[in-house]
Peer 1: 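Here it is, the structure, as structure tokens.
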Amino acid sequence: MTARQHFHPVIRVLHWLMAALILAMLFIGIAMVSTAGPAYHMLIGLHRPIGISLLVLVLIRLAVRLKTGAPPLPADLPPVMVAGAKASHVLLYLSILVMPLIGWGMLSAAGYPIVFVEGIVLPPILPHDIALYAVLRVAHTAIALLFFALILGHLAAGLFHALVRRDGVFEAIWRNR
Amino acid sequence: MSEPPAARSPAPALIVIAAIVAAIVALFAWAAGWIGPSRVSGGTVANALQYNAGLHRGYRRAHAKGMCIAGTFDANGAGVALSKAGVLRPGRSTVIGRFSTGGGNPLATDGRNVFHAMALRIVSPDGQEWRTAMDHTAIFPVADVKSFVALQIAMKPDPKTDKPDPAVLAAYLAKHPETKRFMDYMKTMPLPNSFANGTYHSINAFRFIDSTGRTRLVRWMMVPEDKLVALDKSKLASLPKNYLFDEFIQRLKSGPVRWHLVVTLANPGDVTDNATVQWTGPHRQVDVGTLTIDHWAPEETGGCRDYNYDPTVLPPGIAVSDDPLLSARSAVYSTSYTRRAKDGSGPSAIGEQFGISGNKQ
């Protein structure tokens, strides 16, 4: 038990904070396109600032994660599960990074002002191009749905470690010791 | 690593895991509207517009026929007391916008379209942006999005008569006195014979917020300097196809066309969440500046086509009211924008007339 068994505290805090925000974003995103009621305006008003915040958070998290690393996986974990764990974490990080960038990029391509919060307008990161917007808009939804599936798999795997294998993998991101 | 406990069945734990995942999926499906009561989305409204006018790929699903305009907005400073928006501080903002006629047919004949509209994208010296899409009517035919969908279905023109089915329309109007009021209003209102001499209204109420944080409910209108001359409504069908657009292009040759942005402040008790209700009686009105339009271009080259004139794109100091139509307009415009973005832009009536083609600006 001398090897570090846990993620860095900053990673643990960011993980659970971002988990809540990302789930909220997926629900807000899918709900806002489902309605033309008053909720639409309210939800899109949440979607943009949370998305930009997540971009900032993931950049901090990636820096800390690359610097502090991850605790080793259990030695008896089957190679298939090891490969799945590594691949899914790369995809999860990629999704967290890419989703807000596509969101920002598609608003840029559509020529909208990118309002972070009232009065703070971010610069466009892509040229105004409606055809580019069309591609990014489709990608934003498609990747969101894949991301949601990935999160469900990640959650199921985490619970499998916690409740079935009881191998300390879940505790590595959960426990505060 | 810890010793695996002996003879513990993983089944209960696996069921718990499956139940948690299933619950989240079900919640997601509910949030998405895939399960539960059906919702009116931007897509529902866009479908209704397409049902009414036919599907015209590559164009806005409403106000499909249009032309780009450009110029400036000079604020006189009178609006500073009402809103902290930079666009109202004395100074000059740049304007690119679009004149359009109502309906989903991008090649319609101007006499067939009773709706004239002005959409503007105003960028103030502080870099903030204000988008507004205004109609030449002070009121709207419906108050909410469900009624708008019903209206599009009821008003679908019969291909033979080019008019709505009288029985369907009568059934709709029996349930929607507000639309009947709108139609009566349209009958009494003169139809401007030019884009230049029409008054364009904000349709919905908005909030102006001043530097002290005080909020005022307002509507606004662009009041033309040119004198209103009405079209003969009995001869609309014989108007040349691009009559209104041609007339404006000709008019610009003799100089810029100007409007005054007049802000109307709500009286206590004025209805702010229903665009079918006019504010009547005396109101305080403030002329806050002058819109000058001195350029036009077809949509292919004018830099107006590939923007969404979402009326909820507002600078600090201007905000939406409690009118549910604003959120609906935002949702529907966004759907329309996404659909035509996927289609690829089609040629405009005015571009074709001037032999200008191509999708890229």
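All heavy atoms count here, side chains included; hydrogens, waters and symmetry mates do not. Per chain, numbering begins at 1; letters A, B, ... match sequence-line order.
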Peer 1: What part of A:Leu145 lies closer than 4.5 angstrom to a heavy atom of chain B: side chain, backbone, both or neither?
Peer 2: side chain
Peer 1: Do you know which two heavy atoms are closest between A:Gly37 and B:Ser327, and how far apart they sit?
Peer 2: O-OG, 2.7 Å
Peer 1: Looking only at the side chains, is there a donor atom on one of B:Arg39 and A:Thr35 sitting less than 3.5 Å from an acceptor on the other?
Peer 2: no
Peer 1: If you define the side chain from C-beta out and look only at heavy atoms, does anything of A:Phe160 sit under 4.5 Å from B:Leu14?
Peer 2: yes
Peer 1: Atom CG of B:Asn308 and atom CD1 of A:Ile130: how far apart are they, to the nearest 0.5 Å?
Peer 2: 9.0 Å
Peer 1: Mind ranking B:Pro316, B:Pro315, B:Ala13 by heavy-atom pairs under 4.5 Å with chain A and telling me who comes out on top?
Peer 2: B:Pro316
Peer 1: Could you have a look at A:Gly29, A:Ala149, A:Ala31 and say which one has the most heavy-atom pairs with chain B under 4.5 angstrom?
Peer 2: A:Ala31
Peer 1: Among the options B:Thr335, B:Val40, B:Val25, B:Thr44, pick out the one with the most heavy-atom pairs lying under 4.5 Å from chain A.
Peer 2: B:Val40
Peer 1: Looking at B:Thr312, B:Leu325, B:Val145, which one has more heavy-atom pairs under 4.5 Å with chain A than the rest?
Peer 2: B:Thr312
Peer 1: Measure B:Arg131 against the heavy atoms of chain A and call it side chain, backbone, both or neither at under 4.5 Å.
Peer 2: side chain
Peer 1: Check whether any side-chain heavy atom of B:Val320 sits under 4.5 Å from a side-chain heavy atom of A:His41, and report yes or no.
Peer 2: yes
Peer 1: Under 4.5 Å from any heavy atom of chain B, what part of A:Tyr40 do you find: side chain, backbone, both or neither?
Peer 2: both
Peer 1: Heavy atoms only: give me the nearest A:Ser34-B:Ser41 pair and the separation to one decimal.
Peer 2: O-CB, 3.3 Å
Peer 1: Heavy-atom distances under 4.5 Å only: say whether A:Tyr112 touches chain B with side chain, backbone, both or neither.
Peer 2: both
Peer 1: Search all heavy atoms of A:Tyr133 against all heavy atoms of B:Ala341 and return the closest pair with its distance.
Peer 2: CD2-CB, 3.7 Å
Peer 1: For residues B:Ile24 and A:Leu155, determine if any side-chain heavy atom of one lies less than 4.5 Å from a side-chain heavy atom of the other.
Peer 2: yes
Peer 1: To the nearest 0.5 Å, how far apart are OG1 in B:Thr338 and NE2 in A:His140?
Peer 2: 11.0 Å
Peer 1: Would you indicate whether the side-chain heavy atoms of A:Leu159 and B:Val16 approach each other to under 4.5 Å?
Peer 2: no
Peer 1: Under 4.5 Å heavy-atom distance to chain B, tell me which part of A:Val138 shows up: side chain, backbone, both or neither.
Peer 2: side chain
Peer 1: Is the ring pair A:Phe27/B:Phe28 parallel, tilted or perpendicular, if the boundaries are 30 and 60 degrees?
Peer 2: perpendicular
Peer 1: Looking only at atom types and distance, does a side-chain atom of A:His128 sit under 3.5 Å from a main-chain N or O of B:Tyr307, one as donor and one as acceptor?
Peer 2: no
Peer 1: Given a strict heavy-atom distance threshold of 4.5 Å, which part of B:Trp34 is in contact with chain A: side chain, backbone, both, or neither?
Peer 2: side chain
Peer 1: Side chain, backbone, both or neither: which part of B:Leu27 has a non-hydrogen atom closer than 4.5 Å to chain A?
Peer 2: both
Peer 1: Between A:Leu26 and chain B, with a heavy-atom cut-off of 4.5 Å, which part of the residue counts as in contact: side chain, backbone, both or neither?
Peer 2: both
Peer 1: In Å, rounded to the nearest 0.5 Å, how long is the span from CE of A:Met32 to OG of B:Ser330?
Peer 2: 9.5 Å
